[in-house]
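This chain uses plain numbering: 1 for the first residue, then up along the sequence. Just follow the structure's listing: the first ligand is 1, and inside any ligand the first atom is 1.
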Amino acid sequence: MNLPLKDPTLLKNRAFIDGEWVAGSATFSVLNPATGELLASVADLGASHTELAITAAGLALRSWRARPAKERSQLLRRWYDLIMANQEDLALIMTAEQGKVLAESRGEIAYGASFIEWFAEEAKRIYGDVIPGSADRRQIVVKQAVGVVAAITPWNFPSAMITRKAGPALAAGCAVVIKPAAETPLSALALAELADRAGIPRGLVNVVTGTDARAIGQALTDSPVVRKLTFTGSTPVGKQLLQQSAATVKKVSMELGGNAPIIVFDDADLDQAVAGALESKYRNAGQTCICVNRVLVQDSIYDAFIAKFVAAAARLSLGDGLLESTTLGPLVSARSANDVHDMVQDAVSSGATVALGGERAEELGECFYRPTVLTDVTQDMRVFREEIFGPVAPIFRFQDEAEAIDMANDTEFGLASYIYTRDIGRAWRVSEGVEYGMVGVNEVAITSEIIPFGGMKESGMGREGSKYGIDDYIETKYICMGGLQA
Ligand code: ADP
């Protein structure tokens, strides 16, 4: 497939290790989910190349962490500038390999780049402390780079999940070995090309592409050189990686699954709540870990909410994300479309009503699923308990505030949640009552580089972005300086 790129050299099919483009002996296919077309045959690497990348990162780290923070900052800033200068090409690559609509891809490139910009600034502000003590000694705290960082990232945000990790890692003085998802390696490789052009020294940013995620993951977790693992993906894989990381007691950050509730109270601005639920539910075709997964609506406005929500969802335009008219793209794979349909079938067979959609859009291709709304749903259904990761909105009914909080918390996940109410007291009570790392009150567009993104419970540990986002990449070292008295 020929993408109309201004700079076709951004499209890479080799991995990037120690500043070299590496082919390996096998390749895997990257397909456009909207059309099924082959986009690229990418180097399929495994454990041995991962080890090479780790070694390169370990060596590159030595001089990088010793450089003045200002220099690290300037290089990151140059990387940011190059990403933004190539925003349109990067967005095209992303939509082609991942499916999300072009407007969302442009948004993700800017969002992803903002982490590089933010941490370029933070690089200069990694302060230590002097702790007051007795006259003959000073207690000093210094912050040091944690070391080589392994970053395993998913396909739903092929660019931003990388920059959100690589930005703070490089700012702190670390080197990274990135394992992107096999569905979306092209966005990762384009970022590596731009890091290279920005002058970020070889070995600091490595991208190991491959389909044997288990082997690459094992090489990363087995290595004593890798001091930190940062992972975004599913909860089962996160648990597995946590176990694997225990053997070498790595630092870990985990951004895992979500099961976001949106709680709509009867005092809410209904139109605003409908718009919020719609925006969050169908963004990226429902394939984000903070997408609304369960719509909880107070009994007295349940029917009114459904009428407005169904009418709005029916206006979404399903199609190829490369067309500007499209507002809902395909799912990432045919398997995803099947999984989503299984969940809908599970609900329907237990008594749910399909108010909209409820089926694949086969005339468009095997990855397309119609915007779907389910009513008469209950808490024992899979659509309540599991992360749907598709354009399906199950709408549940609750009676009062206490029941809403209980329903919201009735899950092992705790990433994002949303509340719609005009009652200030209720907004506070519910915000503090829900067990979620992030709460949006009358707002669903809650993420940016300036806030701490992360979850509670089985949604993970650690925070990404904001002033807190650097913490996971630095060690706190205490130095006791004694013998001061003459
Ligand atoms: P998703 O459901 O979003 O694909 P996964 O958790 O399966 O979530 O994938 C997220 C990332 O983790 C991808 O880069 C994938 O290749 C990788 N991955 C999957 N299984 C493993 C594993 N056993 N070890 C290491 N990485 C893995």
(request) Applying salt bridge (Lys or Arg N to Asp or Glu O under 4.0 Å), name anything that partners Asp346, two or more places apart in sequence or on another chain. (result) none
(request) Check salt bridge (Lys or Arg N to Asp or Glu O under 4.0 Å) between Glu97 and all other residues, then give those that pass, not counting sequence neighbours. (result) none
(request) Please tell me if the side chains of Met343 and Asp339 come closer than 4.5 Å, counting only heavy atoms from C-beta onward. (result) no
(message) Is there a side-chain contact between Leu10 and Arg197 in this structure, where contact means two heavy atoms from C-beta onward sitting under 4.5 Å apart?
(response) yes
(message) Heavy-atom contacts with ligand 1 below 4.0 Å: which residues, ordered by chain and residue number?
(response) Ile152, Thr153, Trp155, Lys179, Pro180, Ala181, Ala213, Arg214, Gly217, Phe231, Thr232, Gly233, Ser234, Val237, Leu241
(message) Counting only heavy atoms from other residues, nucleotides and ligands, does the tally under 6.0 Å from CG of Leu323 exceed 12?
(response) yes
(message) Listing request: all salt bridge (charged side-chain N to carboxylate O under 4.0 Å, His left out) pairs with a residue in residues 450-469, at least two apart in sequence or in separate chains.
(response) Arg164-Glu464, Lys165-Glu464, Lys239-Glu458, Glu435-Lys457
